[in-house]
Structure formats: structure tokens, C-alpha cells
Amino acid sequence: MRKLAKYGAILSATALSGLMYTRDIVVNAAFMALVIFVFVQLWTATYEASGGGPIAGLTRGHLVWYR
């Protein structure tokens with residue numbers, strides 16, 4: 001019975017650790033989505049402020065996605 005209790009404790013610790021890292025991954029993904037949103041808005045505003053035409057041959061898509 002003691003062996004089962006040990007395995008139960010290991011299972012519990014592993015599950016809690018997995019949940020902790022899941023939250024960390026979600027928070028990091030949300031932060032990166034925010035950063036991407038800010039840069040898209042920045043380059044879109046820059047593109048529109050220049051008259052909406054190509055800037056040095058670059059379209060809006062080139063400016064936003066760096067391609």
C-alpha cells in the first residue's frame with residue numbers, strides 16, 4: 001500500500017507541474033500575440049500616414065510581415 005501512495009504522490013506532483021507550465025505557455029503566447037498586434041498596428045499606421053502607396057517599393061504586407 002505504501003508503494004501506491006508513493007506513486008500517487010509522484011502522479012500528483014507531475015500533474016501540478018504540467019498545469020503550472022501550461023499556464024506559463026498560455027501567458028507567453030498571449031504576450032507574443034500582443035506584441036504582434038502592436039507591431040501590425042504600428043506598421044499599418046506608418047503605411048497609411050505615408051499616403052497608402054508603396055514605401056521604397058514595399059507594400060503594406062511587406063512592412064507588416066517583414067517579407
Side-chain angles (χ1 to χ4, degrees):
M1 192 59 132
R2 288 183 63 126
K3 283 186 178 183
L4 290 178
K6 290 178 187 179
Y7 288 119
I10 291 171
L11 178 66
S12 175
T14 302
L16 289 175
S17 176
L19 289 174
M20 179 179 64
Y21 289 121
T22 300
R23 280 184 248 143
D24 193 36
I25 291 169
V26 170
V27 168
N28 285 336
F31 176 73
M32 289 307 297
L34 176 65
V35 168
I36 290 171
F37 175 77
V38 167
F39 274 100
V40 167
Q41 296 304 310
L42 172 72
W43 285 116
T44 300
T46 301
Y47 186 77
E48 290 174 1
S50 71
I55 300 172
L58 300 173
T59 65
R60 179 179 168 267
H62 288 115
L63 290 174
V64 169
W65 298 109
Y66 299 100
R67 47 183 175 116

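This one's a predicted model, so the numbers in the text were calculated from it and none came from an experiment.
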To the closest 0.5 Å, what do you measure between [atom1] ([X]) and [atom2] ([Y])?
| X | Y | atom1 | atom2 | result |
| --- | --- | --- | --- | --- |
| Leu58 | Tyr47 | CG | OH | 9.5 Å |
| Trp43 | His62 | CH2 | NE2 | 13.5 Å |
| Thr46 | Phe39 | OG1 | CZ | 11.0 Å |

Please answer: with hydrophobic residues joined when any side-chain heavy atoms are less than 4.5 Å apart, are [X] and [Y] in the same cluster?
| X | Y | answer |
| --- | --- | --- |
| Met32 | Val27 | no |
| Val26 | Phe37 | no |
| Leu42 | Phe31 | yes |

TODO: Mark yes or no for whether Thr14, through its side chain, and Ile10, through its backbone, hold a donor-acceptor pair below 3.5 Å.
DONE: yes
